[in-house]
Amino acid sequence: MKPLKTKFFLIIPFFITLIYILDFYILDSLSSQQFWCVEIYREFSFLNFNNLRLPIHCDEGPYRFASESLSNFFDETNPYQGRPLFILSISIFRNIFNILSFLNISEYLIFRLAMLFIQFIVLFFIIRIFVSLTNLDFQSKTDYLIIFLVISTPSIRWNIFFSSVENLTFLLFLISIKYLLSDQENSNRKNSTYILLGILSLAHMSAIVYGFIILFFEIINKKEIKFLLLIKRIFYLLVFQFIYRLTVYFSDYSFYDWHKEIYNQFYWIFNVIQGKPPIADCQTLNTFWKCNTLVTGSFLGYFLILILYLVSIVLMSLYFKENVPELIKYSLFVNVFIFLFWSLQGLYEPFRFVNYSIGYFLFFSLFIFIIMYKKNLYLTLSILIFQFSVFYLEPYNTALNIPQVNVLTIISVLLFLVFLTQFSLKKQKENNFTKYN
């Protein structure tokens, strides 16, 4: 695995650069939409490069402010006090990249470089776990194309250039899948996963939810409950949050839960139980599921082509008596519960939260089928081109709830039809050969 680590440090920056060129220069001219929460600055300068294009996300200001000092972090204007590990990472890398100040690089650019490096680290671990799950050996160029395929997943590639923790959710998903496939008898390795998820909850609270999902899976898989082990693992999941909150409680600072105070996210359920009136839309028993259904339907409608791809492959696999990979079954298990979790939040944005469950399942399943079907080049290119047919942040447009057909979409569909035809003919020939011999 050591040689692969070195390769990842080289190929990931190359793919990031390629994605940047594709999204902001080559494909940019094909899209004329208004971006959600993002402005594309087209006259950015870096060293001797002028008129560079740079996406500026609305979360950038809070992260930049919060990572400047401890007092800023605990200021009520910082909405991300629940992510101390992530903001600490930004602060550390900002201090490291300060050594570049002799090049007359601005404080703002140092912040952006720190964020980009953090996104690179997250991508590095995403790729490492994905390679471990799929046993890619990099003996063929298609393996590198599959890595590019993973990084080019719409939500993943967009968040590379943001001040955002969203790619962490895909990493948490992969960690969960890795756990479900791991040695069931290796207790120490199992415990270390719960400790890791507990630590990562300080970067994204949903890590605890992933921990409870795999805990639930283990209970139903073994059909027994070991109470001492259960309590120990719940302790691992929660102890780091407890230590953090306790430390803040005994400090000169106070914890301000922005998501509770401003959005009442998840806490609306307690208001319902206590009979209190809602403070926002979609936060009553009569409206929360309706709102979630509308957003989910919009997502499913927009990605209908991708869904048809997956359904076609599944049906073809069943017809030719091919086993559905275990990875896909585990993915479905995890993402059903992640979908149920986010459906209860009482805050329904287009694309993002549905993407954490259904989106990850769709794309991940197709990646696994590509590997299952011997890394078929037609299928690989079809999915890759489809991903880039989804223009920059396009699904965030609430007016779009059907597939947006363009030249890349048509090419993707044609390549997919070639794959289906080629594979069907091949299997029929193999079946006929078996039948007559």
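We use all heavy atoms of the structure for the numbers below, so side chains are in, but hydrogens, waters and symmetry mates are not.
Taking the ring centroids of Phe216 and Phe212, they lie at or beyond the 6.0 Å cut-off. For Trp268 and Tyr263, the ring centers sit 6.0 Å or farther from each other. Taking the six-membered ring where the residue is Trp, the centroids of Phe170 and Tyr360 are separated by under 6.0 Å. Taking the ring centroids of Phe364 and Phe173, they lie under the 6.0 Å cut-off. Ring to ring, Tyr20 and Phe24 are close: their centroids are under 6.0 angstrom apart. In summary, the aromatic rings of Phe351 and Phe299 are positioned with their centroids under 6.0 Å apart.
Note on ring orientation: taking the six-membered ring where Trp is involved, the planes of His204 and Tyr356 are perpendicular (angle over 60°, cut-offs 30° and 60°). Ring geometry for Phe9 versus Phe124: interplanar angle of 30 to 60°, hence tilted. Aromatic ring pairs are classed by plane angle as parallel below 30°, tilted from 30° to 60° and perpendicular above 60°; the pair Tyr392 and Trp158 is perpendicular.
Between the side chain of Ser206 and the backbone N or O of Val209, no donor-acceptor pair lies under 3.5 Å.
Residue pairs meeting the side-chain hydrogen bond (donor to acceptor under 3.5 Å, both in side chains) criterion with at least one partner in residues 61-70, sequence neighbours excluded, are Tyr63-Arg83, Arg64-Glu107, Ser67-Arg94, Glu68-Asn72, Ser69-Ser71, Ser69-Asn72. Identified under the side-chain hydrogen bond (donor to acceptor under 3.5 Å, both in side chains) test for residues 332-342, with sequence neighbours left out: Ser331-Asn335. Sorted by first and then second residue, the disulfide (SG to SG under 2.5 Å) pairs with a member in residues 193-284 read Cys282-Cys291; sequence neighbours excluded. Annotation: side-chain hydrogen bond (donor to acceptor under 3.5 Å, both in side chains) contacts involving residues 241-259, sequence neighbours excluded, comprise Ser201-Gln241, Asp257-Tyr267.
Salt-bridge check for Arg233 with Glu218: passed, with a basic side-chain N closer than 4.0 Å to an acidic carboxylate O. Taking a cutoff of 4.0 Å between a charged side-chain nitrogen and a carboxylate oxygen, Lys329 and Glu326 do not qualify as a salt bridge.
Side-chain atoms of Ser164 and Asn159 form a donor-acceptor pair, as typed in the model, at a separation below 3.5 Å.
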Stepwise side chain to side chain contact (heavy atoms under 4.5 Å, CB included) test for Val295 and Phe353: CA-CA 9 Å; Val295 171; Phe353 295 112; over 6 Å; no

Audit row: Glu43, Arg53, salt bridge (Lys or Arg N to Asp or Glu O under 4.0 Å) steps and yes/no: CA-CA 6 Å; Glu43 298 177 359; Arg53 299 179 184 183; over 6 Å; no

Stepwise side chain to side chain contact (heavy atoms under 4.5 Å, CB included) check, Asn292 with Phe339: CA-CA 10 Å; Asn292 185 68; Phe339 175 80; 3.4 Å; yes

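Taken from NZ in Lys260 to CD1 in Ile279, the straight-line distance is 10.0 Å, to the nearest 0.5 Å.
Cation-pi geometry between Arg157 and Phe388 is met: the NZ or CZ atom falls under 6.0 Å from the ring centre, inside 45° of the normal. Stacking of Lys190 on the aromatic ring of Tyr179 is recorded, both the 6.0 Å distance cut-off and the 45° axial limit being met.
Shown here is Asp281, whose CG atom has no more than 12 heavy atoms of other residues, nucleotides or ligands within 6.0 Å.
Residues Tyr373 and Met316 have side chains in contact (heavy-atom distance under 4.5 Å, counting atoms from C-beta outward).
Partners of Asn167 under the side chain to side chain donor-acceptor pair (under 3.5 Å) rule, at least two apart in sequence or in another chain, do not exist in this structure.
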For residues 301-309, which side-chain donor-acceptor pairs fall under 3.5 Å, sequence neighbours excluded?
{"residue": "Tyr302", "atom": "OH", "partner": "Glu394", "partner atom": "OE1", "Å": "2.2"}
{"residue": "Tyr309", "atom": "OH", "partner": "Ser412", "partner atom": "O", "Å": "3.4"}
{"residue": "Tyr309", "atom": "OH", "partner": "Ser412", "partner atom": "OG", "Å": "2.8"}
{"residue": "Tyr309", "atom": "OH", "partner": "Val413", "partner atom": "N", "Å": "3.2"}

